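Since the structure is predicted, the reported quantities are computational estimates derived from the model, not experimental observations. Each chain gets a letter, A, B and so on, in the order the sequences are listed, and its residues count up from 1.
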Amino acid sequence: MEYNFREIEQKWQKKWVENKTYKTTEDASKKKFYVLNMFPYPSGAGLHVGHPLGYIASDIYARAKRLQGYNVLNPMGYDAYGLPAEQYAIQTGQHPEVTTVANINRYREQLDKIGFCFDWDREVRTCDPAYYHWTQWAFQKMFASYFDNKLQKAQPIEQLIQHFEKEGSKDIDVAQTEDLCFTAEEWKSWDEKKKSDVLMNYRIAFMGETMVNWCAGLGTVLANDEVVDGVSVRGGYPVEQKKMRQWCLRVSAYAQRLLDGLDTIQWSDSIKETQKNWIGRSEGTEVEFKIADSDESFTIFTTRADTMFGVTFMVLAPESELVDKVTTAEQKSAVEEYVKYVKGRTERERMIDHKVTGVFTGSYAINPFTGEKNPIWVSEYVLAGYGTGAIMAVPAHDSRDYAFAKHFNLPIIPLIEGADVSEESYDAKEGIVTNSPRKDVTPYIDFSLNGMTVKEAIAATKVYVKEHGLGRVKVNYRLRDAIFSRQRYWGEPFPVYYKNGVPTMIPEECLPIELPEVEKFLPTETGEPPLGNATVWAWDEKNRKIVENTKIDNKTVFPIELYTMPGFAGSSAYYLRYMDPHNDKALLSKEAAEYWQSVDLYVGGTEHATGHLIYSRFWNKFLFDLGVSVKEEPFQKLINQGMIQGRSNFVYRIKDTNTFVSFDKKDGYDVTPIHVDVNIVSADILDVEAFKQWRPEYNDAQFVLNDEGKYVCGWAVEKMSKSMFNVVNPDMIVEKFGADTLRLYEMFLGPVEQSKPWDTNGIDGCHRFLKKLWNFFVKDEGVQVSDEPATKEERKALHTLIKKVTQDIEQFSYNTSVAAFMVCLNEMTKIGSKSREVKETMAVLITPFCPHLAEELWQLLGHNTSVCDAKWPEFNDDFLKEDSVKMMVAFNGKARFPMEFPAGVSAADAEKAALANPQSEKWMEGFQVVKVIVVPGKMINVVLKK
RNA sequence: GCGCUUGUGGCGAAAUUGGUAGACGCGCUAGACUUAGGAUCUAGUACUUCACGGUGUGCAGGUUCGAGUCCUGUCAGGCGCACCA
């Protein structure tokens with residue numbers, strides 16, 4: 001019997017569906033294990049061979065855990081909302097839902113061919129109302145919450161309202177957009193609109209007037225992680241800063257918890273570091289500076305409180321509200337002109353060239369330590385969005401201040417012993433402080449930092465600032481609130497209507513609010529978002545339902561929000577929904593949450609490090625505060641699979657001809673390299689006839705072949721993409737070699753976490769291995785098996801394999817597992833093993849990797865249950881013990897020859913025997929033995945001296 | 001500039017965590033069986049040397065009886081952050 005993988009794979013895929021082999025239920029008698037892949041966005045291009053890499057790795061893990069007796073949850077779904085479907089809709093008029101569903105079906109078809117153990121009964125789609133019901137619900141909960149800084153926890157907004165009614169904004173320590181001050185009387189005197197505006201300052205989901213990344217090309221705002229180098233990640237359109245009213249999530253409130261949580265989870269250092277950078281915690285001091293000849297003052301933030309005595313000027317961000325207050329009449333026009341200039345510069349321009357620009361405001365600030373008057377400048381190098389938007393400049397110890405001081409000829413005062421600041425600033429936070437204070441400026445101050453290290457000086461200054469009421473210790477974060485609305489159609493609608501300008505939540509019982517139909521997916525003629533095209537999009541408050549826009553009277557029928565939610569809304573809590581996907585009463589039941597807890601193993605790419613993986617951690621922490629999620633961190637262990645790059649092939653056309661020259665003959669010709677479809681190239685040899693058929697313009701192509709009469713192509717590693725013609729489709733590989741070979745080969749390619757180019761050429765080795773494995777089990781007449789127990793030799797090979805594979809699966813080191821299988825099979829074939837013990841064990845061990853083949857073999861061995869329900873073999877160390885032990889005899893660390901000893905030989909005996917060995921004499925000639933080191937089972941090292 | 005990470009044959013990569021470097025696969029070489037081979041099997045394959053041997057894990061040092069592995073410095077590639085005070 002031949003290894004007929006097509007038949008075997010089809011047969012078992014069908015059986016798995018019929019028998020619901022992978023259906024998962026909450027089973028309290030078993031320990032749970034939750035494996036999850038980042039769900040895909042179903043793009044129109046379908047899956048390429050790189051996509052399943054992570055799915056295969058996690059599938060292997062999931063299957064192994066199941067064999068080890070765990071109740072494994074391994075679900076799959078689709079991140080179905082997204083820009084490409086909408087862009088496509090705009091171009092073609094095709095409803096995004098239609099294309100999305102078509103893409104999903106194609107994905108499913110491709111996934112099914114690879115033999116995953118997904119429980120498809122639990123599939124979720126973010127665009128399904130039954131799913132986004134709970135996205136809308138979570139948003140409403142965030143709207144109804146504020147963040148208590150003391151408790152570090154979300155609280156119902158009613159509590160805060162009660163506080164306002166009693167004491168106004170006094171004594172609150174909460175996450176807020178700005179520091180508002182009002183009394184209880186003031187609060188009570190305000191109308192609904194004003195109260196609503198004030199509460200927005202505190203809500204976790206709030207509407208705020210903020211600087212947003214406006215992308216005119218896409219007609220929408222974007223989150224920070226959707227913008228790279230001043231252009232949009234999707235489409236690469238320029239992005240500008242614009243002030244707009246938008247829905248936001250107060251992610252920044254959770255900054256400290258997001259940071260602390262990183263210590264409790266098993267993620268790679270690099271991704272933790274990326275998140276730490278993104279959160280950007282910096283501990284510093286806020287110091288208040290009074291403005292000379294004025295009652296006004298302003299606060300600056302600094303991490304270098306030790307440099308208070310070296311301040312020679314102050315700088316405000318051009319966008320700062322202080323600029324107007326501070327500017328004197330004489331400087332007014334100059335400042336205005338400068339602010340105008342800065343506004344005209346795009347984010348991208350500011351990012352690329354760090355020009356030294358700025359203007360003097362005419363005012364001075366008084367250094368609270370020295371009483372010195374320092375000029376206040378305005379410059380674009382100070383950012384409005386970080387700290388207080390104002391800084392104290394210490395040119396001697398900050399390179400940016402230094403550049404500014406040099407440019408505008410401002411004084412530079414060094415504060416660290418031995419620091420030479422004639423050419424550049426001394427930024428390092430080390431050294432001994434001097435000039436603090438300078439006796440010529442402040443002869444009487446009772447405070448000195450001189451002689452301290454920088455670190456001591458920072459600490460001392462903090463104490464001084466606090467005691468003298470000059471400021472306070474402050475922690476700043478770079479992490480900004482997430483802008484949560486998009487001016488797009490294809491996204492979750494907000495369950496919000498506007499009651500006389502006040503954003504009001506549609507009652508929870510009326511959710512979900514379904515995405516309305518529109519004629520056109522573009523913004524309306526009046527510039528409103530696409531939902532403005534919907535004709536049935538108004539909220540009837542009395543009848544609690546959506547009605548036609550024409551009925552809007554702003555008494556009982558009100559307009560509904562036209563914005564939709566961004567892509568990350570639906571992906572931020574989907575892992576919870578898998579635990580209880582059909583629940584229509586809640587996001588998930590208490591029981592499901594208690595049973596499944598959180599994702600034990602999460603597999604996905606690093607590209608989500610600052611997007612999805614921050615948002616979902618935030619979202620989960622919020623739900624944890626509500627008591628919905630039972631674990632503070634959603635993903636306990638994270639594995640980042642590498643990217644599979646494409647290996648492109650090139651043909652070389654001689655310029656101005658239709659003649660193509662082989663790679664090894666191309667020197668001497670003036671050629672243009674042209675990408676050629678890798679699917680008509682095999683081992684870099686072009687299929688010339690297929691090439692002629694590939695495109696009409698190549699029908700009559702001529703070729704300069706090499707000496708062997710072949711056309712050799714050039715190659716390069718590039719991103720796998722359609723335009724490079726280097727996309728390798730998994731379906732084709734499955735068709736040619738089978739899913740089990742594909743699975744095995746993807747793992748064999750190298751460590752899961754490493755990026756590597758796809759190379760179909762190596763796949764033969766894995767395919768051969770499976771054929772050999774098949775032949776080992778099945779000879780012409782049928783399965784060869786004897787019920788005699790395995791021999792000592794067989795057990796040794798077998799248990800070496802069990803040990804290796806069991807370890808490797810925990811460590812995601814699948815490439816070495818495959819190698820171990822190959823070695824073991826060779827051994828067994830050599831022995832000619834027929835033992836049932838050997839064959840059954842090997843069938844179970846290969847199950848996670850090649851489930852179809854394993855099922856078939858299991859059946860051939862006479863079982864009528866699925867191999868998925870078999871038991872993972874127990875490793876027994878006794879079988880690995882040897883009668884004799886081999887040790888290398890080394891001289892001065894250099895190994896020379898092996899020696900065999902009886903097992904358990906003593907170090908002294910081994911040493912004696914080694915020295916007495918005739919072979920040793922040659923190496924010891926002319927030397928003296930200094931000492932002998934015996935490493936049991938490994939090495940006997942003889943240290944020699946002349 | 002700061003942070004993380006990776007450097008091992010012609011290629012993808014291993015190395016029990018400090019103990020025979022290059023497992024396993026691809027490729028290549030030779031042979032066998034074949035009408036044929038892009039099928040299968042067998043043997044070989046880091047470099048160098050006729051050989052004994054010598055040299056080899058980006059580079060330069062160090063610790064150690066012994067270093068791919070640990071330490072210091074340095075170079076190169078990849079990723080992240082970046083006028084963050």
B/G7 to B/A14 separation - C1' atoms, rounded to the nearest Å = 16 Å
Which dot-bracket string fits RNA chain B when only Watson-Crick or G-U wobble pairs with both atom distances under 3.5 Å count, crossing pairs get [ ], and | stands for a partner on a different strand?
-> (((((((..(((......[....)))((((((.......))))))(((....)))..(((((..]....))))))))))))....
Please state how far atom CZ in A/Arg281 lies from atom C1' in B/C81, giving the value in whole angstrom units.
-> 18 Å
Measure the acute angle between the ring planes of A/Phe5 and A/His767, then classify it against the limits of 30° and 60° as parallel, tilted or perpendicular.
-> perpendicular
Rounded to whole Å, the CZ-P distance (A/Phe891 to B/U64) equals 22 Å
B/A85 P sits how many Å from A/Leu316 CG, rounded?
-> 18 Å
Across the strands shown, which category fits A/Ile391 at heavy-atom distances under 4.0 angstrom: base, sugar-phosphate, nothing?
-> base
Could you check if the base of B/U8 is syn or anti? Syn means the glycosidic torsion is within 90 degrees of 0.
-> anti
A/Leu801 and A/Cys824: which non-hydrogen atoms are nearest, and at how many Å?
-> CD2-SG, 3.7 Å
Under 3.5 Å donor-acceptor, A/Asn892 side chain and A/Leu944 backbone = yes
Can you find a side chain N or O atom of A/Arg478 that sits less than 4.0 Å from OP1 or OP2 on B/A82?
-> yes
Reading nucleotides 15-31 of chain B 5' to 3', which nucleotides get B (base under 4.0 Å from a protein heavy atom), which S (sugar-phosphate only), which -?
-> ----BB--BBSS-----
Based on the glycosidic angle (syn within 90° of 0, else anti), state the conformation of B/G27.
-> anti
Span that lies between the P atom of B/A76 and that of B/U49, in whole angstrom = 33 Å
Can you find a side chain N or O atom of A/Lys931 that sits less than 4.0 Å from OP1 or OP2 on B/C65?
-> yes
Going by atom types alone, do A/Thr606 and A/Asn640 pair a side-chain donor with an acceptor below 3.5 Å?
-> no
Could you tell me whether the side chain of A/Thr388 and the main chain of A/Thr299 form a donor-acceptor pair under 3.5 Å?
-> yes
Closest to the A/Arg896 side chain, choosing from B/G54, B/A85, B/C81 | B/G54
Distance check: side-chain N/O of A/Gln754 vs OP1/OP2 of B/U6, anything under 4.0 Å?
-> no
Donor-acceptor pair, A/Ser755 side chain versus A/Met643 backbone, under 3.5 Å?
-> yes
For the pair made of CG in A/Asn277 and C1' in B/G1, what is the distance, rounded to whole Å?
-> 13 Å
Separation between the P atoms of B/G1 and B/U74, rounded to whole Å = 12 Å
Is there a donor-acceptor pair under 3.5 Å between the side chain of A/Asp401 and the backbone N or O of A/Val394?
-> yes
Mind checking A/Pro751 for me? I need base, sugar-phosphate or nothing, with any heavy atom below 4.0 Å counting as a touch.
-> sugar-phosphate
Gap between atoms CH2 and P, on A/Trp774 and B/A39 respectively (whole Å) = 22 Å
Considering all heavy atoms, the nearest A/Ser320-A/Gly389 contact | CB-O, 4.2 Å
Stepwise side-chain hydrogen bond (donor to acceptor under 3.5 Å, both in side chains) check, A/Ser425 with A/Asp398 | CA-CA 6 Å; A/Ser425 60; A/Asp398 182 287; over 6 Å; no
Are the side chain of A/Lys272 and the backbone N or O of A/Ile265 linked by a donor-acceptor pair below 3.5 Å?
-> yes
Considering only atom P, compute the distance from B/U69 to B/G62 and round it to an integer number of Å.
-> 14 Å
Sugar-phosphate only, base, or nothing, as touched by A/Val942 at under 4.0 Å among non-hydrogen atoms = nothing
Spacing of the C1' atoms in B/G9 and B/U55 (rounded, Å) = 14 Å
Between A/Phe404 and A/Phe408, what is the ring plane arrangement, given parallel below 30°, perpendicular above 60°, and tilted in between?
-> tilted
For nucleotides 73-78 of chain B, give me every protein contact, N/O to N/O, under 3.5 Å, one pair per line with atom names.
none

What orientation do A/Phe301 and A/Tyr386 show, parallel under 30°, tilted 30 to 60°, or perpendicular over 60°?
-> perpendicular
Might you point out which heavy atoms bring A/Ala390 and A/Leu316 nearest each other, and give the distance in Å?
-> CB-CD2, 3.6 Å
Can you tell which of B/C4, B/G80, B/U40 lies closest to the side chain of A/Glu273?
-> B/C4
Between C1' of B/G66 and CG of A/Leu944, the distance in whole Å = 13 Å
